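A short worksheet on the structure shown next.
Just so it is clear, the structure is predicted and the values come from calculations on it, not from any experiment. Residues take their numbers from the sequence shown, with the count starting at 1.
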Amino acid sequence: MGLVRPSRLPCGQLSRGARATWQHGGVTAATYSPLFPQESGGGQIVTPPRDADAVLDGLDPEQREVATALHGPVCVLAGAGTGKTRAITHRIAYGVRAGILQPGSVLAVTFTNRAAGEMRGRLRQLGAGGVQARTFHSAALRQLQFFWPKAVGGELPRLLDRKVQLVAEAAARCRIRLDRNELRDVTGEIEWAKITQTVPADYPAAVAKSVREAPRDPAEIGQVYGMYEQLKRERSVIDFEDVLLLTVGILQDRHDIADHVRRQYQHFVVDEYQDVSPLQQRLLDLWLGERESLCVVGDASQTIFSFTGATPDHLLNFRARHPGATVVKLVRDYRSTPQVVHLANGLLNQARGRAAEHRLELVSQRDPGPEPVCTEYADEPSEAEGTARRVRDLVAAGVPAGEIAVLYRINAQSEVYEQALADAGVPYQLRGAERFFERQEVREAGAALRGAARFGGNDALLDDVVELPSQVRAVLSTKGWTTEPPAGSGAVRDRWESLAALVRLAEDFVRAKPTATLADLVAELDERAAAQHAPTVQGVTLASFHAAKGLEWEAVFLVGLTEGMMPITYAKTDEQIEEERRLLYVGVTRARLHLSLSWALSRSPGGRASRRPTRFLNGLRPGSTAPGARGAGPGAGGSVERGGAARRKQRAPARCRVCRKTLTDAGEMKLMRCEECPSDMDEALYGRLRDWRADQAERIGQPAFCVFTDKTLMAIAEAVPGTEGELTMISGVGVRKLDRFGADVLAICAGEDLAGDNTDS
């Protein structure tokens, strides 16, 4: 890893055409790679292979071994990007086309409807239509609906749409108050208990045994859980987890029904086997009976959902349970470059524990690419701005915005990246989370702060509070903020992180503007929220590491990689620490070509540089030492880029051009003056610039702030630049925007009429 080196070819171009044999790219990767054509043609008609042998064409040796291992138990250990979906779908298709498997006798099980749909599509293209590919819940529900009248009588109870409402009622019956986020967390605990086959009375003991951080007193949760089950019985409804539990119960009690299912399904394939819960494993055992016609596929190094009940133990114990099993390892990585794969392997080489003992050493099948880049920044805003600049450069170089992702550990980290990308004019979309200012807790906090600003004189809560941050803390304490974060993860922690971000913003705001009032802060929040309000576009993906599982991009930025965030603070046990390492591994293996890893030494500009980069990169990032090593570890021959730190040392502090006070607020630095200092802005010029910006935004189909933000336009209207050099001195006017809009802006500043000009801008 080291500094960015220019690729030999522009982004997106192939170094050579695909050849016929698997060694030279003829294999179709299970995941998208620019080296290989995609199997699903996006509406194109695909001709199925002419016969069974043709199904095997293009498979690499290990994939072919999977495809032809049709008898007895089979365990496929498949690393990230190694074509596992391709291998198992070709295995099923080969068996069907060879007449060994009957399509209707095969049940392929996976964990998401998307994955099941993809599997069915591939099987149809291979001439194996009629094979059932479903999620565990979908397959169980289908069987439950069919057998319920015979096993129990009458119609199957109604499936509960949203269990959270019934959990709320159960808590009220128990006289336990739960806010919206606690309600979500307690609902999650009930789901975990049912998936691990834990009854309400045993919940507290199960939590203690699993070293699980409960969001509330386990005895209270057990009480709510018991009342929830009682309410379901009273109303004759079942929930999602009951679908599995009831199917298990019927198959255990009614041997005739179990025999019926086993006659129907004689061959099973389970994808993502490392994510199987104890309840799902019990159902799979009942489907199988005494038979061993089973193929499982998984990777223990990608187990990152243990908080939902998932465990890799079933995958790791497979050979012990099935001594005669065929075990095939897929390690040829068709997704990522050798440089990305080297880093991924290095992460796992330092892992500990049982899953680490079964790690797979990936071997990239792609041409070399750029080295992963490690960047150290002075503070979080610098990290976000630096990341946004690099994203913008990639887009300018031809990488589609939809092929770029910025991944972080918790959703509360998204806000600063939303703002930085917006300022850089880069469209983005959030995956698995609401936009920061659209989150329920942030909206509620904003309303509370707005009310306090308006009626604070009559609010006893603020009687003895003068300092702005203290006022904010007092108001937000009524919404769930506390001086110490709650234990564990989940919705309560996410809510606290969002409120804590507002508290930090207030602290930064008052440092930059000591005389600021609560009303000033509310106005700042409103401006920030408005600047980030953008239509849904095909843009850069912002997502948590967890939400990125199963996805991939051409370029991936892993941000915020500091101790306390990666691993997260509440990861205490060795196994929890190792799951955090696996989470980073999943993040790294999402990248095909470009990979960037970054961290900030302090939270805010001018803060104490007390943070350290994640321990997981020791020996892997340039200049660091591997655990237990005396010198620099592998890959440490380059140097870490000093993103914000180096630039800040070379640049004099921003000072107000009126009073010469040092500026720290981003908005003030754009204006180059304190907010309270008098403005000499040309109002008419500002109006013309806004009208021009609106036309440009409509022309390019992006929000107005993607052209220039309000603060940048104000700075231009105050400075009235006459040359390109003067224009580039204004924050928010980079090289790209100068090239695209500079001539127009300078013409407007000079009083020229642009009517009818620059229609292609």
Report the residues that fulfil salt bridge (Lys or Arg N to Asp or Glu O under 4.0 Å) with Asp179, sequence neighbours left out, ordered by chain and then residue number.
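Result, salt bridge (Lys or Arg N to Asp or Glu O under 4.0 Å) vs Asp179: none returned.
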What heavy-atom pair brings Cys295 and Val76 nearest, and what distance separates the two atoms?
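That would be SG-CG2, 4.1 Å.
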Nearest heavy-atom neighbours spanning Tyr228 and Leu160:
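Shortest heavy-atom contact: OH-CD2, 3.8 Å.
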Are the ring centres of Phe136 and Phe111 closer than 6.0 Å?
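Yes, they do, as the ring centres are separated by less than 6.0 Å.
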Judged by modelled atom types alone, do [X] and [Y] share a side-chain donor-acceptor pair under 3.5 Å?
X      : Y      : value
Asn317 : Arg354 : yes
Gln264 : Trp287 : no
Glu444 : Gln440 : yes
Gln132 : Tyr265 : no
Arg233 : Gln230 : no

Once rounded to the nearest 0.5 Å, what's the spacing between atom CZ of Arg122 and atom CD1 of Ile92?
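Nearest 0.5 Å value for the CZ-CD1 distance: 11.5 Å.
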With rounding to the nearest 0.5 angstrom, report the CZ to OG distance, Arg582 to Ser301.
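Going from the CZ atom of Arg582 to the OG atom of Ser301 covers 7.5 Å.
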[X] side chain to [Y] backbone, donor-acceptor under 3.5 Å:
X      : Y      : value
Ser138 : Thr135 : no
Asp185 : Glu182 : no
Arg335 : Thr589 : yes

Could you label the plane-to-plane angle of the Phe305 and His546 rings as parallel, tilted or perpendicular, counting under 30° as parallel and over 60° as perpendicular?
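Ring orientation of Phe305 relative to His546: tilted.
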Can you give each donor-acceptor pair under 3.5 Å made by side-chain atoms of residues 267-274, sequence neighbours left out, with the distance rounded to 0.1 Å?
unit_1	atom_1	unit_2	atom_2	d
His267	ND1	Ser293	OG	2.7
His267	NE2	Arg91	NH1	2.8
Asp271	OD1	Lys84	NZ	2.9
Asp271	OD2	Lys84	NZ	3.1
Glu272	OE1	Gln274	NE2	2.7
Glu272	OE2	Lys84	NZ	3.3
Tyr273	OH	Gln281	OE1	2.6
Gln274	OE1	Asp299	N	3.1

Taking atom [atom1] of [X] as the centre, does the number of heavy atoms from other residues, nucleotides or ligands within less than 6.0 Å exceed 12?
X      : atom1 : result
Asp574 : CG    : no
Glu234 : CD    : yes
Arg291 : CZ    : yes
Lys329 : NZ    : no

Between the side chains of [Y] and [X], is the shortest nitrogen-to-carboxylate-oxygen separation below 4.0 Å, so that they form an ion pair?
X      : Y      : value
Glu241 : Lys163 : yes
Glu229 : Lys194 : yes
Glu357 : Arg352 : no

